[in-house]
> 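Sharing a structure here in structure tokens format.
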Amino acid sequence: MLLGREFYARKTLVVAKDLLGRVLVHVDEGVRRAGRIVETEAYIGPHDLACHASKGRTARTDVMFGHPGHAYVYLIYGMYDCFNVVTEREGYPSAVLVRALAPLEGCVGKTDGPGKLCRALHVTRAQNRFDLTDPASSLTIEEGTPVSPRKIARGPRIGVDYAGDWAGKELRFWVRQDPHVSR
DNA sequence: CTATTGATGGTC
DNA sequence: ACCATCAATAGG
């Protein structure tokens, strides 16, 4: 069963936690590549200085201003794609970065980092704006098994030291003790 | 610690 | 038309 629009149309922080244990699936030219989500980060709205959309609506950030449940995939450091899901209501730009997976099917290499998981599932900017709630989509998220709150750890986001007051906020979530969480 | 790599957004 | 920067990673 796929997660529906209403799953994503909630507070980004809630979605970030609730995505742990869910299964990201990419049907890549007929082959299923999938992993269980074990680490996420919340990027919340125009005031979050670490959120790309805090610089306004541009060609890149446009998708974050749209409907929840769509993919936001962007290129970082000229080499790595990062996969996010758009959250909250239309017009309020926010997303959850998926940082690590436990590999399940068809993964090429490791999945313990945002760039690595995209490489492993063959997710690129070609999938940007894809609707994750559409059963006909090649990129979806299945219900999987939610993680009990007691097994969820929390800490500051990675690589956002530039973000002033928002740099220290604990908006990163991971499954405690899971070996596939990024270093 | 460094090199990598190119899109992106700001400035001139 | 530049230019600094970047939600990362691999390799010393």
Side-chain angles (χ1 to χ4, degrees), chain A residues 8 10-22 24 26 33 35-66 68-88 92-103 107-130 132 139 141 147 152-175 178-183:
Chain A
Y8 302 100
R10 297 180 291 163
K11 291 285 189 186
T12 308
L13 201 125
V14 173
V15 177
K17 285 187 271 194
D18 205 359
L19 274 173
L20 297 173
R22 314 303 190 158
L24 176 62
H26 183 209
R33 308 189 191 279
R36 176 175 169 268
I37 297 171
V38 297
E39 181 182 358
T40 61
E41 282 179 1
Y43 287 85
I44 312 176
H47 307 297
D48 177 356
L49 298 186
C51 181
H52 290 164
S54 66
K55 294 184 171 144
R57 197 198 282 232
T58 65
R60 180 173 67 154
T61 63
D62 183 68
V63 62
M64 273 198 277
F65 287 79
H70 287 249
Y72 167 44
V73 188
Y74 69 93
L75 186 69
I76 188 69
Y77 298 113
M79 318 178 165
Y80 303 105
D81 290 287
C82 290
F83 169 79
N84 305 248
V85 303
V86 175
T87 58
E88 310 224 15
Y92 189 81
S94 49
V96 172
L97 169 69
V98 176
R99 287 193 56 89
L101 305 173
C107 291
V108 184
K110 296 190 166 146
T111 52
D112 59 339
K116 288 191 261 190
L117 99 234
C118 284
R119 185 202 298 158
L121 265 62
H122 291 180
V123 170
T124 69
R125 281 163 296 157
Q127 281 78 47
N128 191 34
R129 294 176 173 276
F130 274 32
L132 304 166
L139 190 62
I141 300 180
V147 170
I152 299 177
R154 178 177 195 170
R157 294 175 294 185
I158 303 294
V160 298
D161 296 348
Y162 61 88
D165 292 345
W166 286 80
K169 292 186 187 290
E170 300 202 324
L171 297 177
R172 172 173 170 247
F173 303 92
W174 67 93
V175 179
D178 192 291
H180 302 288
V181 168
S182 69
R183 327 179 327 303

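Lettering follows sequence order; numbering is per chain, from 1.
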> If you compare all heavy atoms of Leu117(A) against all heavy atoms of Arg99(A), which two are closest, and at what distance to 0.1 Å?
CD1-C, 3.6 Å
> Which nucleotide, dG9(B), dT9(C), dA7(C), lies nearest any side-chain atom of Thr61(A)?
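So the side chain of Thr61(A) is nearest to dG9(B).
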> Provide the distance between the two P atoms, one in dC2(C) and one in dT5(B), to the nearest whole Å.
22 Å
> If you look at every strand shown and take non-hydrogen atoms under 4.0 Å, does Arg119(A) touch a base, only sugar-phosphate, or nothing?
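Sugar-phosphate: the residue Arg119(A), judged by heavy atoms under 4.0 Å, touches backbone atoms but no base.
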> Just to be sure I understand the rule, does Tyr162(A) reach a base, reach only the sugar-phosphate, or reach nothing, if contact means heavy atoms closer than 4.0 Å?
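Result for Tyr162(A) = sugar-phosphate.
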> Where the side chain of Lys116(A) is concerned, which of dT9(C), dT4(B), dA7(C) is the nearest nucleotide?
dT9(C)
> Counting Watson-Crick and G-U wobble pairs only, both distances under 3.5 Å, name the nucleotide matched with dT5(B), or none.
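None - no nucleotide pairs with dT5(B), as no candidate has both distances under 3.5 Å.
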> Contact class for Arg125(A) (heavy atom, under 4.0 Å): base, sugar-phosphate, or nothing?
sugar-phosphate
> Would you mind classifying the nucleic acid contact of Ser182(A) as base, sugar-phosphate or nothing, using non-hydrogen atoms under 4.0 angstrom?
nothing
> Counting only Watson-Crick pairs (N1-N3 plus N6-O4 or O6-N4) and G-U wobbles (N1-O2, O6-N3), all under 3.5 Å, who is the partner of dA7(C)?
none
> Could you check how far CG of Leu75(A) sits from C1' of dA7(B), rounded to whole Å?
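Interatomic distance, CG of Leu75(A) to C1' of dA7(B): 6 Å.
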> Mind checking if Gly78(A) touches a base, just sugar-phosphate, or nothing, with heavy atoms under 4.0 Å?
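Base, at least one base atom sits under 4.0 Å.
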> Name the nucleic acid region contacted by Arg60(A), choosing base, sugar-phosphate or nothing; use a 4.0 angstrom heavy-atom cut-off, strictly under.
sugar-phosphate
